[in-house]
There are 2 protein chains.
Amino acid sequence: MDNALILQNIERHIDLEKAEQEVFVGMLQPQQLPRKSFFLKENEICRHSVFVTAGCLRGFTVDHNGFEHVLQFAPADWWIADMYSLVAEKPGQLNIEALEDSQVLLLSKTDQERLYREVPKFERFFRIIAENSLVSIRQRLVDNLSLSAQQRYEQFCQQYPTLINRLPQKQIAAYIGVTPEFLSTIRARSRKKK
Amino acid sequence: MDNALILQNIERHIDLEKAEQEVFVGMLQPQQLPRKSFFLKENEICRHSVFVTAGCLRGFTVDHNGFEHVLQFAPADWWIADMYSLVAEKPGQLNIEALEDSQVLLLSKTDQERLYREVPKFERFFRIIAENSLVSIRQRLVDNLSLSAQQRYEQFCQQYPTLINRLPQKQIAAYIGVTPEFLSTIRARSRKKK
DNA sequence: TGCATTTCTTAAGGTAGCTTATTTTTTTTG
DNA sequence: CAAAAAAAATAAGCTACCTTAAGAAATGCA
């Protein structure tokens with residue numbers, strides 16, 4: 001079934017009755033996202049939480065100098081949204097783009113709030129998700145402040161071994177915070193060592 | 001009353017009945033933290049959420065080169081904890097230290113979980129807190145990736161105007177991610193401009 | 001109040017990572 | 001399968017920020 005993945009994702013943190021599953025599943029809207037298409041563009045209001053069932057998305061911002069900064073990659077089994085925009089219901093700076101042909105399930109903000117009312121357990125689920133995201137982004141901030149570009153690259157390889165051969169190097173550079181040129185020389189350097 | 005501040009903090013996001021307030025308040029343990037004392041040291045397990053009622057704390061990590069990185073300042077009306085350690089119940093890397101003589105209220109992890117059971121609304125409160133923290137730390141990551149040290153300093157001044165004259169410059173440097181020497185030259189530079 | 005400690009300033013020299021530009025390789029698409 | 005477009009590699013010169021060091025100012029404590 002199409003919804004097995006998301007239910008399994010949820011049930012990693014909370015247990016659901018059949019009826020509760022049905023309420024939830026009934027709220028989900030499937031959507032196809034061809035490669036290079038955008039789910040969200042900056043200055044738009046983000047009105048959904050997105051769960052990826054196939055493919056891979058990225059969330060990124062563009063700074064005043066036109067540089068892109070990748071905040072998150074979202075392969076299958078990951079959630080992504082512009083939390084700022086979603087919470088504040090204001091235009092945000094995040095772009096969400098498909099890096100591969102992808103498939104997602106959307107949960108609208110309205111439904112999400114109805115869900116909190118009808119199945120309060122979900123309040124707990126999204127609390128846990130938010131706490132986990134907080135932990136990992138905090139770690140990333142520390143890494144950016146304390147590791148060299150080389151170390152950040154090695155860290156990325158360790159942390160996301162499956163993404164490393166799947167993503168363009170350029171995107172990885174925009175994630176670890178260096179120019180593509182410099183990432184290229186880093187890799188050349190470590191190739192020579194071996 | 002001593003607990004007015006924390007109740008007001010909570011009621012910014014959820015409404016509480018008298019009885020619910022009492023359950024919650026009954027769980028809080030007040031504690032004094034003299035300047036320079038540590039609430040938490042790295043490699044310890046963080047067993048409490050901390051709410052600051054007076055003074056100011058900081059949460060920081062120390063990297064392999066001995067440099068300190070400040071993740072958060074927590075003046076009155078702020079929450080602080082090592083979310084990683086608190087969630088995983090494992091030793092973390094965060095230090096929490098009082099920068100001034102401070103007063104805090106502690107909510108133990110055990111009580112917090114009891115609270116979720118007895119007053120499920122708190123699940124919502126801490127979800128919202130986590131979501132807001134997520135938004136602000138994500139913004140900070142983007143700023144670190146896209147702004148110069150000077151711009152980050154100016155941003156800090158705008159964002160925390162009350163802290164700027166209250167904290168040692170050294171601590172601000174450890175927050176924005178530069179050496180104290182360089183922050184000093186940044187400030188000298190902008191002093192000349194005027 | 002005065003000494004000790006910490007914090008801040010200034011300056012010279014060094015380096016990680018950026019910029020710009022060119023070439024090669026890979027990927028996409030008609 | 002070929003042409004076009006995008007991505008990656010390489011290299012030379014540059015700059016923001018770091019390192020080290022030493023003196024000045026501010027702060028804490030006996």
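Chain letters run A, B, ... following the sequence lines, proteins first and then strands; every chain starts at 1. Predicted, not measured: the structure shown is a model, and the values here were computed from it.
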Asks: To the nearest 10°, let me know how far the axis at one end of the helix from C/dT1-D/dA30 to C/dG30-D/dC1 is tilted from the axis at the other, five pairs an end.
Replies: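 One end's axis against the other's: 70°.
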Asks: Find the distance B/Asn65:CG to C/dA16:C1' and express it as a whole number of Å.
Replies: 14 Å
Asks: Can you tell me how far CD1 of B/Ile6 sits from CD of B/Gln8, rounded to the nearest 0.5 angstrom?
Replies: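 If we round to the nearest 0.5 Å, B/Gln8:CD and B/Ile6:CD1 are 11.5 Å apart.
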Asks: Is it the case that over 12 heavy atoms from other parts of the model lie below 6.0 angstrom from the CD atom of B/Glu113?
Replies: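 Yes, the 6.0 Å shell around CD holds more than 12 heavy atoms from other groups.
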Asks: In terms of side-chain geometry, is the basic nitrogen of A/Lys18 or A/Glu22 positioned less than 4.0 Å from the acidic oxygen of its partner?
Replies: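 So A/Lys18 does not pair with A/Glu22 through a salt bridge.
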Asks: Would the number of heavy atoms belonging to other residues, nucleotides or ligands and lying under 6.0 Å from CZ of A/Arg47 be above 12?
Replies: no
Asks: When the distance from CD of B/Gln150 to C1' of D/dT15 is rounded to whole Å, what number comes out?
Replies: 15 Å
Asks: List, by chain and then residue number, the residues other than A/Val178 in its hydrophobic cluster (Ile/Leu/Val/Met/Phe/Trp/Tyr, side-chain heavy atoms under 4.5 Å); write none if there are no others.
Replies: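 Besides A/Val178, the hydrophobic cluster comprises A/Phe38, A/Phe60, A/Val62, A/Val70, A/Phe73, A/Trp78, A/Leu99, A/Tyr153, A/Phe156, A/Tyr160, A/Leu163, A/Ile164, A/Leu167, A/Ile172, A/Tyr175, A/Ile176, A/Phe182, A/Leu183, A/Ile186, listed by chain and residue number.
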Asks: Contact list please: residues 140-149 of chain B against DNA chain C, heavy atoms, distance less than 4.0 Å, in numerical order.
Replies: none
Asks: The side chain of B/Val178 lies closest to which of these nucleotides: D/dC18, D/dT19, C/dT19?
Replies: D/dC18
Asks: Can you measure A/Arg166 atom CZ to D/dA7 atom P for me and round it to whole angstrom units?
Replies: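 The distance from CZ of A/Arg166 to P of D/dA7 comes to 17 Å, rounded to the nearest Å.
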Asks: Given B/Phe122 and B/Gln112, is the side chain to side chain contact (heavy atoms under 4.5 Å, CB included) satisfied, shown in steps?
Replies: CA-CA 9 Å; B/Phe122 274 92; B/Gln112 188 162 351; over 6 Å; no
Asks: So, for B/Val87 and B/Lys109, which heavy atoms are closest and what is the spacing to 0.1 Å?
Replies: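 It is O-NZ, 3.4 Å.
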Asks: Measure the distance from CZ on A/Phe182 to P on D/dA11 and round it to the nearest whole Å.
Replies: 15 Å
Asks: Can you say whether the rings of B/Phe126 and B/Trp79 are parallel (under 30°), tilted (30 to 60°) or perpendicular (over 60°)?
Replies: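 Rings of B/Phe126 and B/Trp79: perpendicular, over 60°.
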Asks: With B/Phe39, which residues qualify under ring pair (Phe, Tyr, Trp, His ring centres under 6.0 Å), at least two apart?
Replies: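 For B/Phe39, no residue satisfies ring pair (Phe, Tyr, Trp, His ring centres under 6.0 Å) once neighbours in sequence are set aside.
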Asks: Nearest whole Å is fine: how far is D/dA7 P from A/Leu99 CG?
Replies: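 Rounding to the nearest Å, CG of A/Leu99 and P of D/dA7 are 10 Å apart.
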Asks: Tell me the interatomic distance from A/Arg35, atom CZ, to C/dT28, atom C1', rounded to whole angstroms.
Replies: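 It is 7 Å, rounded to the nearest whole Å.
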Asks: Apply side chain to side chain contact (heavy atoms under 4.5 Å, CB included) to B/Phe67 and list each qualifying residue two or more places apart in sequence or on a separate chain.
Replies: B/Asp63, B/Asn65, B/His69
Asks: Dump the pairs, protein N or O against N or O of nucleotides 3-9 of chain C, anything under 3.5 Å, distances to one decimal.
Replies:
from  : atom 1 : to       : atom 2 : distance (Å)
C/dT7 : OP2    : B/Lys170 : NZ     : 2.7
C/dC8 : OP1    : B/Gln169 : N      : 2.7
C/dC8 : OP2    : B/Gln169 : N      : 3.4
C/dC8 : OP2    : B/Lys170 : N      : 2.9
C/dT9 : OP1    : B/Arg191 : NH2    : 3.3
C/dT9 : OP2    : B/Gln169 : NE2    : 2.6
C/dT9 : OP2    : B/Ser184 : OG     : 3.0
C/dT9 : O5'    : B/Ser184 : OG     : 3.3

Asks: Whole angstrom is fine here: how far is it from CD in A/Glu68 over to P in D/dA6?
Replies: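 Between P of D/dA6 and CD of A/Glu68: 13 Å.
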Asks: Take atom CG of A/Asp101 and atom C1' of C/dT29, then tell me their distance rounded to the nearest Å.
Replies: 14 Å
Asks: For A/Arg114, is there an ion pair with A/Asp111 - N to carboxylate O distance below 4.0 angstrom?
Replies: yes
